[in-house]
2 protein chains.
Amino acid sequence: MADQTRGRSRAGASAPLPKSHRTRERILDAAARVLSRKGYAGTRLQDVATEAGVQAPAIYYYFSSRDELIAEVMYVGAHRVRGHVNDVLAGLPLDTTPMGRILAAVEAHLRYELLISDYTTASVRNAGQVPREVRERATAEETAYTHMWRDLFEQARDAGELRGDLDVNLTRLLIIGAMNWAAEWWNPEQRTLDDLVAATQKLVLNGVGSP
Amino acid sequence: MADQTRGRSRAGASAPLPKSHRTRERILDAAARVLSRKGYAGTRLQDVATEAGVQAPAIYYYFSSRDELIAEVMYVGAHRVRGHVNDVLAGLPLDTTPMGRILAAVEAHLRYELLISDYTTASVRNAGQVPREVRERATAEETAYTHMWRDLFEQARDAGELRGDLDVNLTRLLIIGAMNWAAEWWNPEQRTLDDLVAATQKLVLNGVGSP
DNA sequence: GTCTATATGCTGATAGAC
DNA sequence: GTCTATCAGCATATAGAC
């Protein structure tokens with residue numbers, strides 16, 4: 001869970017040269033920006049190229065088609081978030097309680113998805129619009145990520161740290177939805193990321209009602 | 001807050017005829033479906049027309065341009081949800097507590113947004129992609145709706161029904177985000193709407209932690 | 001009110017120079 | 001590796017018949 005770019009070198013080629021790799025990364029970042037702002041159908045290779053500082057045909061040196069470029073953006077976004085949360089969980093003290101692990105995952109998810117917010121909003125906004133074939137690799141990542149969260153909740157429930165009458169699956173989906181949507185409205189000039197993390201953890205742990 | 005279509009008749013014309021009105025409504029519903037599935041840039045008038053059972057040029061009889069059609073979809077979605085929640089709140093017993101009003105608003109929002117889910121997903125998915133000019137009327141609706149929720153939370157806080165250390169604005173945004181995102185994943189074949197409403201209310205009221 | 005026919009403009013992808 | 005030049009396809013919007 002340490003790699004974050006999934007070096008998709010051309011078939012059979014050795015590792016890309018540094019310069020080549022940086023250009024590919026610039027194109028990918030540019031595509032994430034354009035995809036999040038213009039949507040799947042509105043993502044023009046011309047705009048991606050301008051944003052990346054190359055001409056449009058140069059994109060075809062790194063990606064075989066527009067759809068493959070978009071598929072890579074969706075995959076990389078999902079993959080990096082899962083990798084980061086996974087790494088954070090793996091680094092927690094062994095005596096961390098299941099609920100402590102859930103709260104740590106909430107923090108890790110929020111911090112990372114807002115750090116790479118172009119990829120996050122690109123995924124969130126286009127999840128229902130990108131054709132299924134193009135989403136396939138990203139979907140596999142998201143399934144794995146869903147399983148990770150399901151495990152977190154089931155361990156908390158088995159440890160008696162969750163309310164007994166909770167529908168664990170529905171609640172998990174609601175919480176992940178609240179976090180994903182934060183990428184749409186969070187404004188660092190109005191609230192610090194620390195405040196957002198704290199508010200989310202409080203909501204998850206105790207809701208809004210006074211005890 | 002009873003009207004739900006905002007009869008946008010042509011400049012200076014009297015109310016549209018029944019048949020005309022139904023066709024307009026079919027085109028609007030079709031546009032909501034296409035917009036949610038294909039996105040702003042991918043919404044082709046040809047697809048809208050096919051879905052509505054008319055030919056593409058007929059759309060221009062009811063809407064002056066593609067952008068005006070899309071603007072109307074975004075506006076109507078926001079307007080109807082706000083109208084419904086407003087109506088439900090107005091119908092509550094006078095002795096309903098502020099927290100009871102929040103939970104009623106949660107239920108009303110979820111039920112209505114999932115009832116008109118094409119409009120909901122059209123708004124949610126394209127909120128960050130539709131040009132500002134096209135979003136203007138919808139934005140005004142959403143601002144009014146935001147104020148309504150802010151009032152609900154402030155009344156609950158003033159009545160001492162909220163935890164004292166709560167960041168009311170952040171929490172409100174997280175809750176509305178969780179609900180909006182439910183339109184993306186809720187599957188009526190897996191969980192009833194009643195279950196979803198109950199799970200959301202529990203999360204809002206008490207979070208997931210055991211008391 | 002709704003149709004057929006069409007003008008105009010823009011996009012993805014390729015060929016081939018350097 | 002990255003560029004210039006170019007082709008073929010498709011979408012909005014309008015004109016005008018019925």
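Residue numbering restarts at 1 for every chain, and letters A, B, ... go by the order of the sequence lines.
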> Do Asp195(B) and Thr192(B) have side-chain atoms, one donor and one acceptor, less than 3.5 Å apart?
Replying inline: yes
>> Does the Lys NZ or Arg CZ of Arg82(A) fall within the cation-pi geometry relative to Tyr145(A) - under 6.0 Å from the ring centre and within 45° of the axis?
In response: no
> Is it true that the side chains of Tyr112(A) and Asp87(A) contain a donor and an acceptor less than 3.5 Å apart?
Replying inline: no
> Sub-3.5 Å donor-acceptor pair from the side chain of Arg125(A) to the main-chain atoms of Arg125(B), do we have one?
Replying inline: no
>> It should be established whether Thr23(B) places a side-chain nitrogen or oxygen under 4.0 Å from OP1 or OP2 of nucleotide dG1(C).
In response: no
>> Could you tell me how far apart Phe63(B) (CZ) and dT2(C) (C1') are, to the nearest whole angstrom?
In response: 15 Å
> Going through the distances and angles, do Arg101(B) and Gln155(B) end up as a side-chain contact (heavy atoms from CB on, under 4.5 Å)?
Replying inline: CA-CA 10 Å; Arg101(B) 289 171 62 82; Gln155(B) 281 158 23; 4.3 Å; yes
>> Tell me the interatomic distance from Tyr61(B), atom OH, to dT4(C), atom P, rounded to whole angstroms.
In response: 18 Å
> Separation of Lys38(B) atom NZ from dT12(D) atom P, in whole Å?
Replying inline: 11 Å
> Could you spell out the base pairing of DNA chain D in dot-bracket, with Watson-Crick or G-U pairs whose two distances are under 3.5 Å, [ ] crossing and | to another strand?
Replying inline: ||||||||||||||||||
>> Between Thr171(B) (side chain only) and Asp167(B) (backbone N and O only), is there a donor and an acceptor less than 3.5 Å apart?
In response: yes
> Would Arg137(A) count as a cation-pi partner of Tyr75(A), with NZ or CZ less than 6.0 Å from the six-membered ring centre and within 45° of the ring normal?
Replying inline: yes
>> Just the rounded figure in Å: distance from P of dG1(C) to CD1 of Ile59(B).
In response: 17 Å
> Are Arg66(B) and Tyr40(B) in a cation-pi setup, meaning NZ or CZ lies under 6.0 angstrom from the ring centre and within 45 degrees of the ring axis?
Replying inline: yes
> Can you check the Gln55(B) CD to dA5(C) P distance for me, whole Å?
Replying inline: 11 Å
>> Can you build the contact string for nucleotides 12-18 of chain C? Use B for base contact, S for sugar-phosphate-only contact, and - for no protein heavy atom under 4.0 Å.
In response: SBB----
>> Does dT2(D) have OP1 or OP2 under 4.0 Å away from a side-chain N or O of Tyr62(A)?
In response: yes
